[in-house]
Amino acid sequence: FLHYLVRHCANQPLMILATYRSDEAQSGLRRWLAQLDRERLNQEIILQPLTHDQIEAMLQAIFEQDPSTPDSVRLAPGTLLETLTTLTEGNPFFVEEILKSLITSGEFFYTDGTWKSKPLPELHIPRSIQDAVQQRTAQLSAPAQRLLTLAAVAGRRFDFTLLQHVMQCDEAQLFLLIKDLITTQLVIEESDERFAFRHALTRQAIYGELLARERKML
C-alpha cells in the first residue's frame, strides 16, 4: 500500500515520513526500500547516535517534564551519564527505557542533592529490551544460541579462533553459526578474526540471564 501511495502521489504536495531502525530491517522492509531506491521515490536521512552532551540534554529535558523530581536536577559525575552513554551507545529509545527501569527499580536514586546510580554491572536490563533480545535469540538453533552465550561471557568483542576452540567445531561450521548471528542483527563483523555484539545492551541482556555459577563455569 505504501509503495502504491508513494508512486501515485509523486506529483502531489504530500510528504510521507517513515522511520525504521537500521538494525531491525527485515527482508520485507529491505525489499520495499530497494524498490523506492530503484524508482528514485525516496530520500533517506541517516540519524547519528546521540553524543555524550546530547544524552545529558535529553536527561535534563526528561527530568524537567517530571513534576516529582527536584527543581534543580544535578547528575553525579562519573555515574549515570557515563553508564547510559556506554550501555545505550546514543540510542534514545534505549536511554529512555533504561532510565525508566532504573528509577522504578531504585537503582537510580536521589541522595545528597544529586542523582546517582549503582555500578554498571549491577544494572537491571529493562523488560522491553530483554524481550526484544529474546525474540531474536529464539530464532536461532541450539548451537547458535550456545555460541551467543559463550560470546557474551567472552565480552563485548570476541575472537573467531577462541570460539572455535571452545565450541570444538571446524571453521566451516562456525562460519555458518556466526552468519546466523549476523543475520538476526545480534552480531557484527569487525575484522576477519574479530566480531562484536551490535549493541552493548544485547550482550548485557544475554549475560544477565546466566546464573553466577554458569558465568564462572563458562
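Nothing here was measured: the structure is a model prediction, and the numbers come from that model.
- Donor-acceptor pairing under 3.5 Å is recorded for the side chains of Gln185 and Arg198.
- Figure legend: cation-pi geometry between Arg21 and Phe93, with NZ or CZ positioned under 6.0 Å from the six-membered ring centre and within 45° of its axis.
- If you chain together hydrophobic residues whose side chains sit under 4.5 Å apart, Phe1 and Leu33 fall into the same group.
- The salt bridge (charged side-chain N to carboxylate O under 4.0 Å, His left out) check on Asp159 picks up Arg194, with sequence neighbours excluded.
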Mind listing the side-chain donor-acceptor pairs of residues 163-176 below 3.5 Å, one per line with the distance, residues two or more places apart or on another chain?
{"residue": "Asp170", "atom": "OD1", "partner": "Ala172", "partner atom": "N", "Å": "3.2"}
{"residue": "Asp170", "atom": "OD1", "partner": "Gln173", "partner atom": "N", "Å": "2.7"}
{"residue": "Gln173", "atom": "OE1", "partner": "Asp170", "partner atom": "N", "Å": "3.2"}

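- With sequence neighbours left out, the side chain to side chain donor-acceptor pair (under 3.5 Å) criterion links Arg30 to no other residue.
- Inter-residue side-chain proximity for Pro126 and Lys100 is flagged as unmet; no heavy-atom pair is nearer than 4.5 Å.
- Looking at Lys179 and Leu177, their side chains never come closer than 4.5 Å, going by heavy atoms from C-beta outward.
- When only modelled atom types and interatomic distance are considered, His199 and Gln204 share no side-chain donor-acceptor pair under 3.5 Å.
- The hydrophobic cluster containing Tyr4, built from Ile/Leu/Val/Met/Phe/Trp/Tyr side-chain heavy atoms closer than 4.5 Å, comprises no other residue.
- Here the shortest heavy-atom pairing between Leu81 and His52 reads CD2-CE1, 3.2 Å.
- Glu96 meets the side chain to side chain donor-acceptor pair (under 3.5 Å) test with no other residue; sequence neighbours excluded.
- Applying the side chain to side chain contact (heavy atoms under 4.5 Å, CB included) criterion to Thr51, with sequence neighbours excluded, gives Asp53, Gln54.
- Taken to the nearest 0.5 Å, the OG1 atom of Thr88 stands 7.5 Å off from the CG atom of Leu50.
- In terms of heavy atoms, Gly90 sits closest to Ile55 at CA-CD1, 4.0 Å.
- For the atom pair CZ of Arg136 and OG1 of Thr202, the computed distance is 6.5 Å after rounding to the nearest 0.5 Å.
- Partners of Val6 under the side chain to side chain contact (heavy atoms under 4.5 Å, CB included) rule, at least two apart in sequence or in another chain, are Ile16, Leu36, Leu41.
- With a 4.5 Å cut-off on side-chain heavy atoms, Glu209 and Gln134 count as touching.
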Show your reasoning for whether side chain to side chain contact (heavy atoms under 4.5 Å, CB included) applies to Val95 and Leu59. CA-CA 9 Å; Val95 171; Leu59 295 180; 4.2 Å; yes

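- Atom-to-atom distance recorded for Leu186:CG and Ile206:CD1 is 6.0 Å, nearest 0.5 angstrom.
- Distance CZ/Phe158 to CG/Leu147: 6.5 Å, rounded to 0.5 Å.
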Do Gln135 and Val133 pass the side chain to side chain contact (heavy atoms under 4.5 Å, CB included) test, and can you show the C-alpha distance, the side-chain angles, and the key distance before you say yes or no? CA-CA 5 Å; Gln135 285 184 28; Val133 173; over 6 Å; no

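- Each of Glu39, His8, Arg31 was evaluated against His3; a single residue qualifies, Glu39, per the side-chain hydrogen bond (donor to acceptor under 3.5 Å, both in side chains) test.
- The line from CZ of Phe195 to CD1 of Ile188 is 10.5 Å long, rounded to the nearest 0.5 Å.
- Remark: Arg40 pairs with no residue by the side chain to side chain contact (heavy atoms under 4.5 Å, CB included) rule, at least two apart or across chains.
- Partners of Glu44 under the side chain to side chain donor-acceptor pair (under 3.5 Å) rule, at least two apart in sequence or in another chain, are Tyr20.
- At least one cation-pi condition fails for Arg157 and Phe197: the charged atom is not both under 6.0 angstrom from the six-membered ring centre and inside a 45 degree cone around its axis.
- Taking 4.5 Å as the limit, some side-chain heavy atom of Phe94 sits within range of a side-chain heavy atom of Ile129.
- At distances below 3.5 Å, not a single donor-acceptor pair connects side-chain atoms of Ser101 with backbone N or O atoms of Glu97.
- Linking Ile, Leu, Val, Met, Phe, Trp and Tyr residues whenever their side-chain heavy atoms come within less than 4.5 Å leaves Leu201 and Val187 in two separate clusters.
- Between Gln43 atom CD and Met15 atom CE the span is 10.0 Å, to the nearest 0.5 Å.
- Contact annotation: the side chain of Thr137 never approaches that of Thr184 to less than 4.5 Å [non-hydrogen atoms, C-beta and beyond].
- Residues satisfying the salt bridge (charged side-chain N to carboxylate O under 4.0 Å, His left out) test with Arg156, not counting sequence neighbours, are Glu89.
- The two residues Leu181 and Ala144 come nearest to each other via the heavy atoms CD2-O, 3.8 Å.
- For Leu218, the side chain to side chain contact (heavy atoms under 4.5 Å, CB included) partners are Arg146, Thr149, Leu150, Val153, Leu210, not counting sequence neighbours.
- In the hydrophobic clustering (ILVMFWY side chains linked at under 4.5 Å, chained through shared members), Leu211 stands by itself.
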